[in-house]
Amino acid sequence: MKPLAKKILVSIGSISGAVIVGGAAFVGLQLRAFAASTDKVYDVPVPHVTRSSDPPVLARGKHIAESLAPCAVSACHGPDLGGGDTVEIGPLGKFTAPNISAGGLGATYSDGELMRLLRHGIKRDGRSVRFMPSHEFNWLSDDDFAAVISYVRSLPPVQKSNGPLEIGVLGKVLDRRDMIPLDIARRIDHGKIELAPPASPTAAYGAFIARECTGCHGKTLSGGPIPGAPPDLPVPLNLTPHASGLNGWSFDDFRHTLTTGTSKSGKKLAAMMPFAAYAKLDDTEMHALWAYLSSLPPRPFGGR
Ligand code: HEC
């Protein structure tokens, strides 16, 4: 081999070696940062909660638990709160919401600790919840959360052990890169939690509800594949008023899609899109969400 060619090969070899070593060091750093952050004990006081057994309060709690803060759906803690379905997302991990009925974790939490978890994403031991999206609905009022807690407490105990919650290396790295939210409490400004204005059919209120769509449809709601997800996972679509999104949809098209799970185009939506929960949004909430989505700047599909 000519000396120059040899020199080039040797330097290519050392460059790729450096890339591998550098890559491993990068991943190692991200994993350590993830572990340190999920080990952190937050100093947030446990609030006081007044539980109620009034039927209107329980009905309000049930409504929220099945729609706005959908704990009681199969993909989350399950309708009986005994634990939900396991969602496997390839290299990101396996996720199962635990049994939070009185037969499970519900028995170990005080009402105040539950309220702190919903508002701040902090568990009983002071550490962050993982995967549980408190940051998407922690704008609900104290009264609404008290109603949810009253409803949760009114359900009978379920004896069922918890399914797996395993976060893969890729899941941890993408969390640290702020591409998917798994380590929740670090994303919440604990000293300054923004609450929604009183419910009204306006974009200002809908902006808060739409936070729940961002986990899948992306921060700008323009859709695109979830980072790190395997190719067979359904791709969240564009919810902005762009030609590749909801341009040309009426409010009735939108409501029909959310309540039936069949899109305007006639397509039956994948079960990953949690329309069972959103089908239960009331008129005010549905109009608010639509007003907000319609007010967004149109963005081409895939910007997330
Ligand atoms: C857990 C992930 C997830 C969440 C959360 C989610 N979606 Fe979706 N959504 C999807 C997926 C995936 C699709 C595409 C399904 C398919 O193509 O079969 C979809 C499709 C849709 C569609 C159909 C669009 C079209 O062009 O046909 C609408 C409308 C929609 N979502 C609205 C919402 C709204 C509004 C929210 C929040 C209140 C929301 N989604 C929250 C995953 C999600």
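In each ligand, atom 1 is the first atom listed, and ligand 1 is the first ligand listed. Atom set for the values below is all heavy atoms of this structure, side chains included, hydrogens, waters and symmetry mates excluded. By convention here, the first residue in the shown sequence is residue 1.
- Atoms of ligand 1 lying under 4.0 Å from any heavy atom of Cys216, numbered from 1 in the order shown and given with element: 1 (C), 2 (C), 3 (C), 4 (C), 5 (C), 42 (C), 43 (C).
- Pro274 is not listed as a side-chain neighbour of Glu212, based on a closest heavy-atom distance of 4.5 Å or more.
- For the pair His77 (side chain) and Pro98 (backbone), a donor-acceptor distance under 3.5 Å is present.
- Checked against the 6.0 Å centroid threshold, His242 and Phe301 do not count as a close aromatic pair.
- Of all the heavy atoms of His217, the ones lying under 4.0 Å from any atom of ligand 1 belong exclusively to the side chain.
- Put simply, the side chain of His135 does not reach to within 4.5 Å of the side chain of Arg186, judged on heavy atoms.
- Not a single heavy atom of Ser265 sits under 4.0 Å from any atom of ligand 1.
- Atoms of ligand 1 lying under 4.0 Å from at least one heavy atom of Leu289, given by number and element, are 35 (C), 38 (C).
- The backbone N or O of Lys268 sits nowhere less than 3.5 Å from a side-chain atom of Thr262 that would complete a donor-acceptor pair.
- Here the two rings, on His190 and Tyr42, have centers that are under 6.0 Å apart.
- Taking hydrophobic clusters as Ile, Leu, Val, Met, Phe, Trp and Tyr residues chained together by side-chain heavy-atom distances below 4.5 Å, Val129 shares a cluster with Val49.
- Within the 4.0 Å heavy-atom criterion, neither part of Tyr292 lies near ligand 1.
- Considering Ala271, Pro236, Gly223, Pro133 only, the shortest heavy-atom separation from atom 12 (C) of ligand 1 involves Pro236.
- Of the possible donor and acceptor atoms, none in the side chain of Arg176 sits under 3.5 Å from a partner among the backbone N and O of Lys172.
- Heavy atoms of Leu281 stay at 4.0 angstrom or farther from ligand 1.
- Between the side chain of Ser101 and the backbone N or O of Val158 there is at least one donor-acceptor pair closer than 3.5 Å.
- Close approach of ligand 1 to Ala270 is summarised as follows: ligand atoms under 4.0 Å from at least one heavy atom of the residue are 15 (C), 16 (C), 18 (O).
- Heavy atoms of Phe275 stay at 4.0 angstrom or farther from ligand 1.
- Atoms of ligand 1 found under 4.0 Å from any heavy atom of Glu212, numbered from 1 in the order shown, are 5 (C).
- Considering only non-hydrogen atoms, atom 16 (C) of ligand 1 lies nearest to Lys267 out of Glu136, Met286, Lys267.
- Contacts with ligand 1 closer than 4.0 Å are made by side-chain heavy atoms of Leu239 only, the backbone lying farther away.
- Residue contact check for ligand 1: Gly215 places no non-hydrogen atom closer than 4.0 Å to it.
- Residues Cys213 and Leu221 form a side-chain contact, since some pair of their non-hydrogen atoms from C-beta on lies under 4.5 Å apart.
- Protein heavy atom at the shortest distance from atom 22 (C) of ligand 1 is Leu269 CD1, 4.0 Å.
- At under 3.5 Å, not a single nitrogen or oxygen of Leu237, backbone or side chain, sits near a nitrogen or oxygen of ligand 1.
- Side-chain N or O atoms of Asn99 include one that pairs as donor or acceptor with a backbone N or O of Lys160 at under 3.5 Å.
- With hydrogens and angles ignored, the 3.5 Å screen pairs no side-chain donor or acceptor of Arg299 with any backbone N or O of Pro241.
- Nearest protein neighbour of atom 41 (C) of ligand 1, counting heavy atoms only, is Tyr278 CE1, 3.5 Å.
- With a 4.0 Å cut-off on non-hydrogen atoms, Val235 touches ligand 1 through its backbone and not its side chain.
- Counting all heavy atoms, side chain and backbone alike, Ser67 lies closest to Leu281 at CB-CD2, 3.9 Å.
- Atom 34 (C) of ligand 1 has its nearest heavy-atom neighbour, among Cys213, Pro225, Ala277, in Cys213.
- If you look at Ala210 next to ligand 1, there are no close heavy atoms at all, none under 4.0 Å.
- Of all protein heavy atoms, the one lying nearest to atom 10 (C) of ligand 1 is Met273 CB, 3.4 Å.
- Under a 4.0 Å criterion applied to the non-hydrogen atoms of Ser263, ligand 1 contributes the atoms 25 (C), 27 (O).
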